[in-house]
Amino acid sequence: QVQLVESGGGLVQTGGSLRLSCAASRTIFTINIIYWYRQAPGKQRELVATITNGGSINYADSVKGRFTISRDNAKNTVYLQMNSLKPEDTAVYYCKSPVTPWGQGTQVTVSS
């Protein structure tokens, strides 16, 4: 079973940037769609961005123009570049696909 492991989170000031990585335990070439979700304390999990194997990309309205999702099939990795971060972006970020279990996520904290 393929597993996805998130990394790259941390503490950053408002307006800063982070790049999250989602590394797969084996090839992601056959995984048609990969999602980035986030969950803030006391809130429901929110879909942030999706990318398909064909390159189709979608973003939540709250991150459009600030976040960029990309995938590198050769490195079995999906990225989430996050710019112009806001305190409301503070959450645990998860990557997920229809064929992988939920991972531990990576904490992103944006200070005001």
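We use all heavy atoms of the structure for the numbers below, so side chains are in, but hydrogens, waters and symmetry mates are not.
Using a 4.5 Å cut-off between side-chain heavy atoms of Ile, Leu, Val, Met, Phe, Trp and Tyr, with links allowed through other members, V5 and M82 fall into different hydrophobic clusters. Grouping the Ile, Leu, Val, Met, Phe, Trp and Tyr side chains by contacts below 4.5 angstrom, directly or via other members, places Y35 apart from I69. Cluster membership for V108 and Y94, using ILVMFWY side-chain heavy atoms within less than 4.5 angstrom, is not shared. One hydrophobic cluster, built from ILVMFWY side chains closer than 4.5 Å, cannot hold both Y79 and V12; they sit in different ones. Cluster annotation: L47 and Y59 are assigned to distinct hydrophobic clusters (Ile/Leu/Val/Met/Phe/Trp/Tyr, side-chain heavy-atom contacts under 4.5 Å, transitive).
The two residues K43 and Q39 come nearest to each other via the heavy atoms O-NE2, 3.1 Å. Scanning both residues, P87 and S112, for their nearest heavy atoms gives CG-CB, 3.9 Å. Closest of all the heavy-atom pairs between V2 and A24 is CG1-CB, 4.1 Å. Listed here is the closest heavy atom pair of R66 and S84: NH1-O, 3.0 Å.
Under the 4.5 Å side-chain criterion, counting only non-hydrogen atoms from C-beta, E88 is not in contact with S62. Residues Q107 and T90 meet the side-chain proximity criterion, which asks for heavy atoms closer than 4.5 Å. The closest side-chain heavy-atom distance from S21 to K75 is not below 4.5 Å. Taking the side chain as every heavy atom from C-beta outward, L20 and E6 never approach each other to under 4.5 Å. Proximity of V78 to C95: side-chain heavy atoms (C-beta onward) are nowhere separated by under 4.5 Å. Counting only heavy atoms from C-beta outward, the side chains of L80 and R38 never approach each other to under 4.5 Å.
Between atom OG1 of residue T27 and atom CG of residue N76 there is a gap of 5.0 Å, rounded to the nearest 0.5 Å. Between T109 atom OG1 and L11 atom CG the span is 6.0 Å, to the nearest 0.5 Å. Taking OG1 of T52 as the start and CD1 of I34 as the end, the distance is 10.0 Å to the nearest 0.5 Å. Taking CD1 from I51 and CG from N32, the interatomic distance works out to 11.0 Å, rounded to the nearest 0.5 Å. To the nearest 0.5 Å, atom CZ of residue R19 and atom OG1 of residue T68 are 11.5 Å apart.
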**Candidate pair N53 and R71, rule side-chain contact (heavy atoms from CB on, under 4.5 Å), full reasoning** = CA-CA 8 Å; N53 217 1; R71 64 191 287 168; 3.4 Å; yes
**Request:** Go through the steps to decide whether F67 and L85 satisfy the test side-chain contact (heavy atoms from CB on, under 4.5 Å), and finish with yes or no.
**Result:** CA-CA 9 Å; F67 290 12; L85 283 161; 3.9 Å; yes
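No salt bridge links K86 with D89; every basic N to acidic carboxylate O contact stays at or beyond 4.0 Å.
Defined by atom type and a distance below 3.5 Å, a donor-acceptor pair is present between the side-chain atoms of S17 and N83.
The distance between the ring centers of W102 and Y37 falls below 6.0 angstrom.
Listed for the T14 side chain is a donor-acceptor partner under 3.5 Å among the backbone atoms of S111.
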